[in-house]
Amino acid sequence: ITRTIREAQIRKPDALSAVLYRTNAQSRAIEDALMRDGLPYRIIGGVRFYERKEIKDALAFMRLLINPHDDVSFRRVVNVPARGIGKSVLDGLAGVEVETPAAGTPLLSGAGDQARTPRSLWARSEQAIRRRLLPPRAMTALKGFCDLIAGLRSEVGGSSVSIVLGLILD
């Protein structure tokens with residue numbers, strides 16, 4: 001496809017090309033090829049592959065496995081699928097005071113650890129769970145989510161991206 005578009009551009013620089021496909025499953029391969037070859041494109045009548053909700057959610061889960069202190073990713077997937085962790089639980093977390101590390105404690109801990117963010121939603125969740133600061137139902141849901149992420153983090157070490165993505169989707 002990209003070769004044909006390039007050839008058309010050589011013959012007629014003003015030429016516009018259209019790629020028609022039957023299913024959205026085909027769009028990713030086409031979009032990846034167009035991006036790789038530096039060809040600008042526009043999707044008409046659909047959503048770009050990387051802008052789809054399920055793709056953004058999967059990527060947010062992967063980012064959260066790398067860095068649980070990523071608040072944007074945390075907010076995106078904390079209730080995906082629905083766990084009963086809504087706005088009121090997140091508002092409750094906003095009020096949780098997090099113990100700050102002792103003076104002189106390095107911001108980066110052991111090798112391979114991400115930078116700790118003491119006021120992140122992850123750190124606030126840990127505090128809320130440890131000190132039982134939320135209503136029981138919210139605590140159960142939040143603990144389930146945190147356990148899921150912690151379990152996946154320990155399980156995926158050194159695994160390929162496809163294995164990690166498979167675990168996330170499962």
Side-chain angles (χ1 to χ4, degrees), residues 24-25 27-29 31-36 38 41-43 46-170:
N24 283 337
S27 73
R28 179 174 177 216
E31 284 185 68
D32 284 348
L34 292 170
M35 281 191 286
R36 189 174 42 251
Y41 65 94
R42 183 175 56 180
I43 304 288
V47 179
R48 291 175 176 231
F49 181 79
Y50 294 103
E51 291 176 5
R52 295 180 189 154
K53 180 189 180 321
E54 61 273 15
I55 302 306
K56 285 183 173 186
D57 291 347
L59 291 172
F61 267 110
M62 293 180 91
R63 282 191 305 273
L64 206 53
L65 295 182
I66 293 168
N67 178 12
H69 299 282
D70 178 349
D71 282 356
V72 173
S73 296
F74 187 99
R75 284 182 192 281
R76 179 164 193 97
V77 298
V78 71
N79 205 33
V80 174
R83 300 183 168 84
I85 304 172
K87 184 178 178 346
S88 61
V89 175
L90 292 175
D91 288 347
L93 286 177
V96 172
E97 287 297 321
V98 180
E99 299 166 1
T100 56
T105 303
L107 188 59
L108 294 174
S109 47
D113 285 350
Q114 72 287 338
R116 272 196 65 79
T117 308
R119 291 184 181 85
S120 72
L121 288 169
W122 182 263
R124 291 173 189 274
S125 296
E126 288 176 329
Q127 286 289 326
I129 292 166
R130 190 176 318 115
R131 296 176 15 214
R132 301 176 194 261
L133 299 175
L134 297 173
R137 212 164 129 209
M139 289 287 296
T140 302
L142 191 59
K143 183 170 182 350
F145 175 73
C146 290
D147 288 348
L148 170 72
I149 297 301
L152 283 170
R153 288 189 79 211
S154 66
E155 193 172 338
V156 300
S159 298
S160 68
V161 172
S162 61
I163 298 294
V164 173
L165 185 57
L167 289 169
I168 288 169
L169 295 176
D170 287 346

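When reading the values below, keep in mind they use all heavy atoms of this one structure, side chains included, and skip hydrogens, waters and symmetry mates.
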Selection residues 149-170 - residue pairs positive for ring pair (Phe, Tyr, Trp, His ring centres under 6.0 Å), sequence neighbours left out: none
Side chains of Ser27 and Arg52 in contact at under 4.5 Å (non-hydrogen atoms): yes
Gap separating the CD atom of Gln127 from the CG atom of Leu134, nearest 0.5 angstrom: 11.5 Å
Pairing of Asp32 and Arg36 as salt bridge, 4.0 angstrom limit: no
All salt bridge (Lys or Arg N to Asp or Glu O under 4.0 Å) counterparts of Asp70, not counting sequence neighbours: Arg63
Would you mind writing out the side-chain donor-acceptor pairs for residues 86-98 within the sub-3.5 Å range, not counting sequence neighbours?
residue : atom : partner : partner atom : Å
Lys87   : NZ   : Asp91   : OD2          : 2.9

Distance (rounded to the nearest 0.5 Å) between Arg137 CZ and Leu142 CG: 13.5 Å
4.5 Å side-chain heavy-atom contact, Tyr50 and Arg28: yes
Qualifying residues under ring pair (Phe, Tyr, Trp, His ring centres under 6.0 Å), relative to Phe145, sequence neighbours excluded: Phe74
Trace of the side-chain contact (heavy atoms from CB on, under 4.5 Å) decision for Ile149 with Val77: CA-CA 11 Å; Ile149 297 301; Val77 298; 5.6 Å; no
Greater than 12 external heavy atoms within 6.0 Å of Arg130's CZ: yes
From CE (Met139) to CD1 (Ile129), nearest 0.5 Å: 6.0 Å
Side-chain donor or acceptor of Arg124 paired with backbone N/O of Arg119 under 3.5 Å: yes
From SG (Cys146) to CZ (Arg153), nearest 0.5 Å: 11.5 Å
Reported CZ-to-NZ distance for the pair Arg76 and Lys53, which is rounded to 0.5 angstrom: 6.0 Å
Working for side-chain contact (heavy atoms from CB on, under 4.5 Å), residues Glu51 and Ile43: CA-CA 11 Å; Glu51 291 176 5; Ile43 304 288; over 6 Å; no
Pairs involving residues 75-94, ordered by first then second residue, that meet ring pair (Phe, Tyr, Trp, His ring centres under 6.0 Å) (sequence neighbours left out): none
Minimum heavy-atom distance Leu121-Arg75, with the two atoms named: CD1-CG, 3.6 Å
Closest non-hydrogen atom pair, Asn79 against Gly84: OD1-N, 3.1 Å
Nearest-0.5 Å distance, CG of residue Leu64 to CG of residue Asp57: 11.5 Å
Residue pair Ser120 / His69: nearest heavy atoms and the distance that separates them: OG-ND1, 2.7 Å
For residues 158-166, please give each side-chain donor-acceptor pair under 3.5 Å, one per line with the distance, not counting sequence neighbours.
residue : atom : partner : partner atom : Å
Ser159  : OG   : Val156  : O            : 3.2
Ser160  : OG   : Ser162  : OG           : 3.1
Ser160  : OG   : Ile163  : N            : 3.3

